[in-house]
Visitor: 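This is the structure I want to talk about, given as C-alpha cells.
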Protein chains: 2
Amino acid sequence: MEVRQHLSQLDLFKGLTAEQLEAITGTVTEKDYRKGELIFAEGDEGVGFYLVIRGRVKVYKLSAEGKEQIMHIFGPRMPFAEVPVFAGSRYPANAEAMESSRLFFFPKKSFITLIQENPLLAMNMLASLSQRLKQFSNLIETLSLKEVPGRLASYLLYLSDKNGSIDEFKLDIAKSQLASLLGTIPETLSRIFAKMGAREIVSIKGPEITILDREGLEDLAEGNTKL
Amino acid sequence: MEVRQHLSQLDLFKGLTAEQLEAITGTVTEKDYRKGELIFAEGDEGVGFYLVIRGRVKVYKLSAEGKEQIMHIFGPRMPFAEVPVFAGSRYPANAEAMESSRLFFFPKKSFITLIQENPLLAMNMLASLSQRLKQFSNLIETLSLKEVPGRLASYLLYLSDKNGSIDEFKLDIAKSQLASLLGTIPETLSRIFAKMGAREIVSIKGPEITILDREGLEDLAEGNTKL
DNA sequence: CGCTGCGTTGAGCTTCTTCAACGATCGTGG
DNA sequence: CCACGATCGTTGAAGAAGCTCAACGCAGCG
C-alpha cells in the first residue's frame, strides 16, 4: 500500500514522475528483520539492494580472529548494498539489523532495467555511490592517519553537528559498536572516554555526552593535541 | 587527433556509438604532468574528472604530522576523481603524478550532460564507482583487521596474480610508497620483508620478489599465522 | 666525486590489545 | 515484583605491535 508513499520521499527517487515511481513500486519487496538478524553475509550472491524504511542496519567485515569493523551504519531512507548490482555479483561485506527493522528490497535485474530507461534515476544513484565513496575515504583516513582519541573526537563532533551543533546529545549506538566503528575495542574506547572526562573536554553519563571544551575536542580531532 | 582512438578502448565508454564517442571527444582536454607534480589538492574545487592515458597517479591523504596514506594508484585506462562530479564539489583527497604522465580531463558540466543523454555511459560509470567502492572496502578491511605482515602478504599475492599467478615478479612501486599504501612506514615494512626473507617465505633482491612458499604467504594474508 | 634519495638496522618508547575480574543495567520469567 | 542471567561497560596489569629517532650503506645522477 504505502510503498509508493515511501518511495516518493527518497533522495534516490527525487524528480521522478508518478509513472516512473509506479513502475519502481511494482518491483519492490518489503522485508522485516529482528534485532541481530543477519540480512546477508559476505560472499553471498548479490541479488539486489536494500533501502531502510525503519530501524538501523550495520554493514561490517570480520577478521580471522572475529574482530568486527563496521564499515557503515544505515538508517531510514538510506539505500545499501548497491555494489553487486553494478559490479561483481557478490556482497563484499556482512549486513545485520541493529534493531528491529523494515527494509525494501529492489531486485537487481528489474532495477537495472529501470535505471537504463531513466537517466535521472541513474544520476541519483551516481550521487549516492559518490557520497558513499567520500564517506569511505574519510573512514580510511581516520583509521590510518588518526589515533583512537582523534577518531573519537571526530565522531563526537560529527554527532554534535548532526544534532544541530548542540553541545549535549546522546550516543546513537552502543559503546561497543562505536568501538567497532572506530576500528578499536571497547576497553580502549572506555579508557579514552575516561581520559577525556578527566581533562574536562567532555562529560559522559552513560550514553549522554556533553561537550565541555569544543576547541579542545577539535584539536584532538585534528591531531594537534594528545590526551 | 588520437583522443577518439583512446576513448574507444576504454571500459568507461564501452558500447557507445561512433557519434556518442565523437561528442565526448569534443569535451576532452589533454594534460601532461611531470613526475611528482600535483594534479589537485584536497579541498580544491572539483571541476571535472581525469583519465590516465600514460604514467601513474597516486591519490592520497595526509595526516596532521605529514604521514601519507595512499588511497589508490591509477594506471593507464583508469578514471579517477569522479566523486565531485556527482556529489559535493570538492576533491576529497590529493592527486600526484608518480611518473611523467598524460591525462585526459573531462569537465564536469559537459560530462553530466553526456551522461544524462546516454544510459549506457551512466551504467558504465555506475560500474566503475561500484568497483572503486569494493576496492575501498578491501582497503578498510586490510587497514583495520590485518596486521602489517598480513597486509604485505595480501599485496604480494595480488601482485603475483596480476602477473599471471607467477612466483617471480617486480614490485611495481618503490618500497616507501608501498609502505604508504599499506598504512605503515618504510622502517616497519623493511623489517617485515627481512623476516619474510629469513623464514624463506619470499626472497627479496631490491625490487625483485620471488615467492618461495605460497602457502605460507596465504596463511599470513588470512591471518592464520604470525611472523 | 660528492650529493641526494631510498632502504636498512638498532634502541627505546608509545599506543593499543589481551586477558581477567568486576560492576551496572536491563529485560524476562518465575 | 523481585531475582536472575545476560549483556554491556569499566578498570588493572602485562605484553605485543608498530612508531620515532638516529645512524649508516648503497645506488644513481649531476
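All chains are named by letter (A, B, ...) in the order of the sequence lines, taking the proteins before the strands, and each is independently numbered beginning at 1.
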Visitor: Nearest whole Å is fine: how far is dC6(C) P from Gln177(B) CD?
Guide: 8 Å
Visitor: Check each of Lys61(A), Gln69(A), Lys67(A) against Ser144(B) using the side chain to side chain donor-acceptor pair (under 3.5 Å) test, and report the only one that passes.
Guide: Gln69(A)
Visitor: Hey, does the Lys NZ or Arg CZ of Lys175(A) hover above the aromatic six-ring of Phe193(A), less than 6.0 Å from the centre and inside 45° of the axis?
Guide: yes
Visitor: Would you confirm whether the ring centroid of Phe106(B) sits within less than 6.0 angstrom of the ring centroid of Phe13(B)?
Guide: yes
Visitor: Using distance alone, with no hydrogens and no angle criterion, decide if Thr184(B) and Arg151(B) have a side-chain donor and acceptor under 3.5 Å apart.
Guide: no
Visitor: Answer yes or no: is there a donor N or O on one side and an acceptor on the other, between the side chain of Asn124(A) and the main chain of Leu12(A), under 3.5 Å?
Guide: yes
Visitor: Could you check how far CD1 of Ile204(B) sits from C1' of dT9(C), rounded to whole Å?
Guide: 15 Å
Visitor: In whole Å, I'd like the distance from the CG atom of Leu145(B) to the P atom of dT17(C).
Guide: 11 Å
Visitor: For Glu99(B), run the salt bridge (charged side-chain N to carboxylate O under 4.0 Å, His left out) check against Arg56(B), Lys35(B), Arg54(B) and tell me which one passes.
Guide: Arg56(B)
Visitor: Of all nucleotides in DNA chain D that come within under 4.0 Å of a heavy atom of chain A, which is furthest toward the 5' end and which toward the 3' end?
Guide: dG9(D) to dA13(D)
Visitor: Does Ser180(B) reach the main-chain N or O of Ile70(B) with its side chain, forming a donor-acceptor pair under 3.5 Å?
Guide: yes
Visitor: Stepwise, does the ring pair (Phe, Tyr, Trp, His ring centres under 6.0 Å) test hold for Phe80(B) with His72(B)?
Guide: CA-CA 9 Å; Phe80(B) 67 95; His72(B) 205 103; 9.6 Å; no
Visitor: Are the side chain of Ser130(B) and the backbone of Leu126(B) linked by a donor-acceptor contact shorter than 3.5 Å?
Guide: yes
Visitor: Starting at CD of Glu187(A) and ending at P of dT18(C), how long is that distance when rounded to a whole Å?
Guide: 8 Å
Visitor: CZ of Arg191(B) versus P of dG10(C): gap in Å, rounded?
Guide: 9 Å
Visitor: Could you go through the side-chain contact (heavy atoms from CB on, under 4.5 Å) check for Leu7(B) and Phe104(B) one step at a time?
Guide: CA-CA 10 Å; Leu7(B) 295 192; Phe104(B) 282 174; 3.9 Å; yes
Visitor: Ignoring hydrogens and geometry, is there a side-chain-to-backbone donor-acceptor pair from Asp167(B) to Thr210(B) under 3.5 Å?
Guide: no
Visitor: Angle between the end axes of the helix from dC1(C)-dG30(D) to dG30(C)-dC1(D), five pairs per end, to the nearest 10 degrees?
Guide: 30°
Visitor: Distances for protein N/O vs nucleotides 13-16 of chain C N/O pairs under 3.5 angstrom?
Guide:
| unit_1 | atom_1 | unit_2 | atom_2 | d |
| --- | --- | --- | --- | --- |
| dC16(C) | OP1 | Val148(A) | N | 2.9 |

